[in-house]
Amino acid sequence: MLEFMPLVLFAVICIVLMFGYPVALSLAGTALAFAGLGLGLETLGIDAHFDGGYLGAFPNRLYGIMSNQTLLAVPLFVLMGVLLEKSRVAETLLDAMAMLFGSLRGGLGISVTLVGMLLAASTGIVGATVVTMGLMSLPTMLKRGYSMPLATGTICATGTLGQIIPPSIALVLLGDVLSSAYQQAQLSMGIFSPKTVSVGDLFMGALVPGLILVVLYIAYVAVVAWLRPQSAPPADRKELMAELGHEGGLGWLLLKGLVPPIVLIIAVLGSILGGFATPTEASAVGAFGAMILALAYRRLDLATLRDVLRSTTHVTTMVFMILIGAALFSLVFRAYGGEELVTGLFEGMPGGVVGATLIVMLVIFLLGFILDFIEITFVVVPIVGPILLAMGLDPIWLGIMIAINLQTSFLTPPFGFALFYLRGVAPDSVPTSAIYKGVVPFIILQLCMLLALAWFPELATWLPDQF
């Protein structure tokens, strides 16, 4: 029984998290309890298969976290996203897209998808995108006669694009973890000049699959509008303009609402893809550009700035506290021989690397119901990543598969996080069953994207190979 203590540790942490205790404290507290148990059993002369020497590496782990230049991008990208949210740049952007496409069948749904894509590329925060789009677009779509499932499904699905469209916070964290896992895997194979994989590589790998998902969403909305016109009727442009209350015509609205965010996105992503800046440097460009936009729109006062900085500090502190707790969990897991146990389980699975990958993807999908992407990235990926990469998987492909897998998990009833976010801001007249029904087609589209990536890995690896 004691040889399976790593699996018991993992199961106990999942149970503790399901009770709603703070993630960072749950990880650290449970790990310390199991470390104390292991040391106690060893003191009593019982072989607990626990190597207490691993705990001595914890101070070095803390120093490594605090001095990690890649993780500096997290607070800066969060600052950029919160600035754009609080300064209501997204609201102007949605109005502009609604005016451009609203007069078409399904036009509002297409507008929501495109704005969700741009917000994902601007904020990278799933919850913020779903809530913002739910508050701004859901009432308008329902008022214009859109069916509840189509409206809610479109908002939830486009909100989760923040998981995969760069510069996503999830990709920043995943890229840092996968970089360490890839080097560890190569060292285990006797490669002492290991290749590296960067966050920028993951950004480039996510670009094509992310854009394909956007096209699939738009195609679905267009097909529904064509087959069932009553589900996505067109809006009268003059009525929409009067309702939105914008002056100066469509051209001015597009110039004011569409051009500045696109310029900001091009500045951030273009500097990374062009090799002019690292993701950390580009995040500083994005944060500065978002502040300039907020000032230009005259929506940045002292109270708003205080609110933005407080939100950014809260999210950043949460991320780093979870990372510290996950580092302690990882050390205790390895002290019990967890790495060797998982390696043995994977090597004994039928199907080899394919079977192991399928099992990992299924476990991550199910964990996405109860854990956020941060916990999964810091707890699960460091355990399974080195093993899968040592079996020959491409790190960029694996990272994109994990990101889209989690994106699908966040959409899947009854526990998907995106569903809870939208339920919290949707009117009481919208039943939960309509939200669940609406996301099903988008889940199918994302599963098709996963299958396409599995069959054609080049969708994720082609663009990084060009640079």
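- A donor-acceptor pair under 3.5 Å links the side-chain atoms of T412 to the main chain of T408, judged by distance alone.
- To the nearest 0.5 Å, the span separating CZ on R423 from CD1 on I435 amounts to 4.5 Å.
- With hydrogens and angles disregarded, no donor-acceptor distance shorter than 3.5 Å links the side chain of S409 to the backbone of N405.
- Side-chain atoms of T461 and E458, non-hydrogen and from C-beta on, do get closer than 4.5 Å to each other.
- When all heavy atoms are compared, the tightest approach of P431 to S429 is CD-O, 3.2 Å.
- Looking at every heavy atom in both residues, I404 comes nearest to P209 through CD1-CB, 4.0 Å.
- In this structure, the side chains of P427 and L138 come closer than 4.5 Å at one or more pairs of heavy atoms.
- Residues passing the ring pair (Phe, Tyr, Trp, His ring centres under 6.0 Å) test with F365 are F369, sequence neighbours excluded.
- Within the 4.5 Å cutoff, side-chain heavy atoms of Q183 are placed close to those of S179.
- At distances below 3.5 Å, at least one donor-acceptor pair connects side-chain atoms of W397 with backbone N or O atoms of L453.
- A side-chain donor from one of Q446 and Y217 sits under 3.5 Å from a side-chain acceptor of the other.
- Looking at D301 and T304, their side chains do bring a donor and an acceptor atom within 3.5 Å of each other.
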Decide yes or no on side-chain contact (heavy atoms from CB on, under 4.5 Å) for M66 and F320, but give the supporting numbers first. CA-CA 9 Å; M66 294 299 108; F320 278 84; 3.7 Å; yes

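- Checked options Y146, Y220, F442; the residue passing with T154 is F442 (criterion: side chain to side chain contact (heavy atoms under 4.5 Å, CB included)).
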Could you walk me through whether L161 and Q407 pass side-chain contact (heavy atoms from CB on, under 4.5 Å), step by step? CA-CA 7 Å; L161 287 172; Q407 181 186 357; 3.8 Å; yes

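- Distance alone, capped at 3.5 Å, places no donor-acceptor pair between the T316 side chain and the T313 backbone.
- Between L398 and V381 there is no side-chain heavy-atom pair separated by less than 4.5 Å.
- Taking every heavy atom of both residues into account, G399 and L202 meet most closely at CA-CD1, 4.2 Å.
- Of the inter-residue distances, the one linking L178 atom CG with L171 atom CG reads 10.0 Å to the nearest 0.5 angstrom.
- Applying the side chain to side chain contact (heavy atoms under 4.5 Å, CB included) criterion to A185, with sequence neighbours excluded, gives L389, A390.
- Side-chain contact between P166 and L207: present, with at least one pair of heavy atoms (C-beta onward) separated by less than 4.5 Å.
- Closest non-hydrogen pair, I322 versus L27, comes out as O-CD1, 3.9 Å.
- Looking at F456 and L459, their side chains come closer than 4.5 Å, going by heavy atoms from C-beta outward.
- Counting only distance, with no hydrogens or angles, the side chain of S330 and the backbone of A326 share no donor-acceptor pair below 3.5 Å.
- The heavy-atom pair separating P229 from R105 by the smallest distance is CG-NH1, 3.7 Å.
- Between S231 and L150 the shortest heavy-atom distance is O-CD2, 3.8 Å.
- Without hydrogens or angle criteria, S283 side chain to T280 main chain gives a donor-acceptor distance under 3.5 Å.
- For M321, the CE atom is loosely surrounded, since the number of other residues' heavy atoms within 6.0 Å does not exceed 12.
- Proximity of V379 to I13: side-chain heavy atoms (C-beta onward) are nowhere separated by under 4.5 Å.
- The line from CG of L388 to CG of D394 is 12.5 Å long, rounded to the nearest 0.5 Å.
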Given the rule in the side-chain contact (heavy atoms from CB on, under 4.5 Å) test, do M117 and L211 qualify, once you have shown the distances and angles that lead to the verdict? CA-CA 9 Å; M117 176 191 71; L211 293 176; 4.1 Å; yes

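- In this structure, D201 contributes its side chain and P464 its backbone to no donor-acceptor pair below 3.5 Å.
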Using side-chain contact (heavy atoms from CB on, under 4.5 Å), reason through L419 and C156 one step at a time and then give a plain yes or no. CA-CA 7 Å; L419 311 179; C156 282; 4.1 Å; yes

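- V78 has its side chain out of reach of P75: every pair of non-hydrogen atoms, C-beta onward, lies at least 4.5 Å apart.
- For the atom pair CG of L83 and OG1 of T312, the computed distance is 6.5 Å after rounding to the nearest 0.5 Å.
- Atom CG of L216 sits about 12.5 Å away from atom CD1 of I444, to the nearest 0.5 Å.
- Once rounded to the nearest 0.5 Å, the distance linking CZ of F410 with CD1 of I443 reads 13.0 Å.
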